[in-house]
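Numbering of residues begins at 1 and proceeds along the displayed sequence. This is a predicted model, so every value here is computed, not measured.
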Amino acid sequence: MNFALYRELLAVRPIRRLLLVGMVARIPHSAAGVLLTLHIVLSLDQGYAAAGAAAAVMTIGIAVGAPWRGRRVDTVGLRTALIPSVISEAVIWSVVPHVSYQGLLPLVFVGGLLTLPIFSVVRQSLGVLADGDQRRTAFALDAITTEVVFMIGPAAGAIVATSGFTVLGLTIVGVSTSLAGLFLMWFNPPTRSPAQDEECSADECHAAEAAVVSAAPAHLQEAAAELVPAGATHRGPGLRSKVAHNFAWFTATVAAVFAVAAGAGMVLSGTDVGIVAALETGGRQAEIGIVFLFWCAASVVGGLVYGAMHRPVSPILLLLGMAALTIPMGFAHDTWSLAFTAILPGLLCAPVLSSASEKVADLVAEERRGEAMGWYGSALTGGVALGAPLAGVFIDVTGPSGGFVSVGAAGVVLCFAGLILQQRRRGKSPAQ
């Protein structure tokens, strides 16, 4: 592994500035998940099933809005495209903590719909500012800085929430995200090369797609949903109509990879809720950041190691390991035991997502890959939307351990379903 590439990349001022702006802009929303969950449980006196349902509603909003936001960046430019986000972030998140649970649900949906598209903007701009071998290094560095964000944000959110300031915390999330959007509009990083056609090359598209799914557990809602515009905005103008009704690429093997994507999203979002519930139930909400630190750091290490390997590993086997290793987290008895048990499944988070995206790219022909990646994103987002409420239901019924056990067991079941689908295609070449 050539670590000198990172030093060379950071020597480029526009890239260094973009990564710094992206990291700062992501911090507010990285704290929002913990703040929203604890606000619903502590301030609104609702259960974890209700908190998980709110997370699912917000995720659906992100998934619905992401393709439109991506197209707006392409058609009207970054500054104009960000105006709805700058306004809505400040308004919606200032209102959310002052309404009932029933009033909160439509607000978080609209909040997700108009969320600041910082993840896709940073990746799209990195694809312009970095070229050749630097591009993959830039995406890897972006994934690492994002992990750092999710080591900081949840801890800060937990401290604010446990101090009894969830209303203030959610308001700060909206205002600070809006300010980050204004700064991004002022900075106005390039999202398209002047000499570049609208359609990217196969290598560029593949790199961008891999960058989306290299994102690790805590921000999976945004990362999963934004796979849709990553595939949609890079297709040629006539390609959509050409392949709209042609699903020859959708083989049983591809379906197995989609099952892995759904399983990964479900396990990761359910684990997210489980961590918050386990520590809140024990009165240790302020220590949530410790567990997220271990979990995200392990994902960074796992991603770096997997990227250095010469041979790919089956995404089904990786998910099987991650899901099975999530179950012991339900038997942790304190903060440190939970943090240490989070290391092993955390090590497999980034490898699962990277391996699955590479598998889709290998199985589907280039002219259909954008559509396939869009459906892959839908599977991942669907898993995210299901995992939080599934874990929440079991937490309310059986206690915090039920969240980890339920999503871990469900992930194992999906792995076996994927293996059955894969066996049906053994010995056959994928349709191209």
Side-chain angles (χ1 to χ4, degrees), residues 29-64 96-97 99-112 115 150 153-154 157-158 161 166 170 173 217-225 262-282 285 288 291-292 295 323 326-327 329-330 338 342 345 379-411 413-414:
H29 267 292
S30 70
V34 172
L35 279 168
L36 185 63
T37 298
L38 292 178
H39 175 73
I40 291 171
V41 173
L42 301 178
S43 300
L44 300 183
D45 198 26
Q46 300 288 326
Y48 280 94
V57 168
M58 184 169 64
T59 301
I60 293 170
I62 293 172
V64 172
V96 162
V99 299
S100 66
Y101 179 74
Q102 290 72 23
L104 178 146
L105 292 178
L107 284 174
V108 296
F109 174 79
V110 177
T115 191
F150 282 90
T166 56
L170 288 169
V173 165
H219 57 283
L220 198 64
Q221 287 95 334
E222 293 91 343
M266 182 172 57
V267 172
L268 294 176
S269 63
T271 302
D272 198 340
V273 173
I275 291 172
V276 176
L279 296 181
E280 186 275 328
T281 302
Q285 302 97 313
I288 288 173
V291 182
F292 273 90
W295 192 33
T326 297
I327 295 175
M329 293 179 67
L338 183 61
L380 192 57
T381 306
V384 170
L386 178 62
L390 174 65
V393 168
F394 278 88
I395 289 168
D396 286 344
V397 174
T398 65
S401 62
F404 298 112
V405 175
S406 61
V407 296
V413 170
L414 275 175

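- Although no hydrogens or angles enter the test, the distance criterion places a donor-acceptor pair under 3.5 Å between the side chain of Ser406 and the main chain of Gly403.
- Using a 4.5 Å cut-off on side-chain heavy atoms (C-beta onward), Ile275 and Met329 make contact.
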List the steps, then state whether side chain to side chain contact (heavy atoms under 4.5 Å, CB included) holds for Ile395 with Thr281. CA-CA 10 Å; Ile395 289 168; Thr281 302; 5.7 Å; no
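- Note that NE2 of His29 and CD1 of Ile62 are 7.5 Å apart. Values are rounded to the nearest 0.5 Å.
- Between Gly263 and Leu414 the shortest heavy-atom distance is CA-CD1, 3.5 Å.
- In this structure, Tyr48 and Ile40 have side chains that are not in contact, with every pair of non-hydrogen atoms separated by 4.5 Å or more.
- No side-chain heavy atom of Val273 sits under 4.5 Å from any side-chain heavy atom of Val407.
- Distance CG/Leu380 to CE/Met266: 11.5 Å, rounded to 0.5 Å.
- Taking the side chain as every heavy atom from C-beta outward, Leu268 and Trp295 approach each other to under 4.5 Å.
- Distance alone, capped at 3.5 Å, is enough to place a donor-acceptor pair between the Tyr101 side chain and the Ala50 backbone.
- Expressed to the nearest 0.5 Å, how far CG of Leu38 lies from OG1 of Thr166 amounts to 8.0 Å.
- Side chain of Asp396 to backbone of Gly47: no donor-acceptor contact under 3.5 angstrom is found.
- Atom CG in Leu390 sits 8.5 Å away from atom OG in Ser269 (nearest 0.5 Å).
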Stepwise side chain to side chain contact (heavy atoms under 4.5 Å, CB included) check, Val108 with Leu36: CA-CA 10 Å; Val108 296; Leu36 185 63; 4.2 Å; yes
